[in-house]
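Index from 1, following the sequence.
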Amino acid sequence: WRAADLDALEREVQALVERCEERGSYFAGEVRSLAQSVVRRREMAEKERLEREFAEKLVGKDAVEILGDIIGKDLQGNDVKLSALRGKVVVLNFYASWCGPCNVEIPFLKELYAAHGADLAVIGLNKEAEREREIEHAKRQGLPWPVVLGSDNVNAALLVGAFPTNCYIGRDGKILLREVGFDGKERLKATIERFLASK
């Protein structure tokens, strides 16, 4: 939806609400509910616009400057450092055990990691509070990369509010792309291989 479309729709629905209320129409409640849906859609469109602008501003920034070098501890308690991954393409994979699209994406990400492990690093970031369940999920999925639990600071720095979200970092440590959602294996493969191909 474009803002102008939502403006026009909101005006039309508000006029309809007023007409229904003036006439004491049986449908006034339903039209008011429709008006609230339009307002929610406007708020969602604005949030999406702000997120897009934010993501575009991240591109080209040094990941260590944005996130810090140590982005957390892995499941064994070791520091996960971005500086140790220079020279590789890095995928910060923000996920949750309960997220259906995340669980669909993980096997494809594992395939790409197995195929390009010398040049590709993946870090799983999971902000969930139920530590034991998340550790069990990571083991059950057989994740071959470090997993950081309680990643609130990193999520906040990259404005991650939906899962999965992938943030791609180039070999030079600069952010290449922040992308929300899983659009299928082919898109994931094309994105990763495009970044691997650029030296």
Side-chain angles (χ1 to χ4, degrees), residues 43-75 78-106 108-110 112-113 116 119-131 134-135 137-138 141 143-185 187-196 198:
E43 289 169 354
M44 189 182 303
E46 179 62 10
K47 181 181 175 198
E48 289 168 357
R49 183 188 68 76
L50 291 172
E51 281 196 8
R52 270 193 314 276
E53 287 180 3
F54 176 81
E56 288 167 6
K57 288 178 184 171
L58 286 173
V59 173
K61 301 276 180 75
D62 189 285
V64 169
E65 287 179 19
I66 303 279
L67 306 173
D69 189 15
I70 299 172
I71 59 170
K73 293 192 179 290
D74 66 17
L75 300 183
N78 302 310
D79 288 341
V80 177
K81 289 184 163 186
L82 289 178
S83 61
L85 303 172
R86 288 267 175 158
K88 293 188 174 195
V89 171
V90 179
V91 181
L92 301 181
N93 176 243
F94 296 85
Y95 75 99
S97 63
W98 46 261
C99 165
C102 300
N103 288 318
V104 172
E105 178 184 54
I106 285 171
F108 300 129
L109 199 50
K110 283 170 63 177
L112 291 161
Y113 180 77
H116 303 287
D119 293 313
L120 179 67
V122 178
I123 300 170
L125 293 122
N126 187 315
K127 71 184 288 292
E128 298 308 302
E130 293 185 40
R131 182 176 175 80
E134 299 310 320
I135 290 172
H137 175 264
Q141 288 281 3
L143 300 182
W145 48 75
V147 172
V148 174
L149 298 181
S151 59
D152 287 339
N153 293 340
V154 182
N155 287 46
L158 294 174
L159 208 66
V160 173
F163 305 107
T165 292
N166 287 325
C167 181
Y168 299 90
I169 301 170
R171 298 175 194 274
D172 60 357
K174 294 195 179 345
I175 295 173
L176 299 168
L177 176 68
R178 175 190 163 279
E179 192 169 52
V180 179
F182 174 61
D183 289 330
K185 175 183 178 178
R187 182 180 171 100
L188 180 69
K189 183 175 187 285
T191 300
I192 288 175
E193 289 183 349
R194 172 166 49 102
F195 293 143
L196 286 170
S198 58

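Residues Asp119 and Lys88 fail the side-chain proximity criterion, which asks for heavy atoms closer than 4.5 Å.
Residue Lys174 qualifies as enclosed at atom NZ: its count of foreign heavy atoms under 6.0 Å is above 12. Within 6.0 Å of CZ in Arg194 there are more than 12 heavy atoms belonging to other residues, nucleotides or ligands. Other residues, nucleotides and ligands contribute more than 12 heavy atoms inside 6.0 Å of the CG atom of Asp183.
Across all non-hydrogen atoms, the minimal contact from Arg178 to Leu158 is NE-O, 2.7 Å. Here the closest non-hydrogen pair linking Glu105 and Leu188 is OE2-CD1, 3.9 Å. Between Phe94 and Val154, the shortest heavy-atom distance links the atoms CZ-CG1, 3.6 Å. Between Ala63 and Ile169, the closest heavy-atom pair is CB-CD1, 3.6 Å. Contact detail for Ile175 and Ile66: the closest heavy-atom pair is CD1-CG1, 4.2 Å. When all heavy atoms of Tyr113 and Leu120 are compared, the closest pair comes out as CE1-O, 3.6 Å.
Salt bridge status for Asp172 with Arg86: absent, with no side-chain N to carboxylate O gap under 4.0 Å.
The aromatic rings of Trp98 and Phe163 sit perpendicular, their planes meeting at an angle over 60°, well past the 30° parallel limit.
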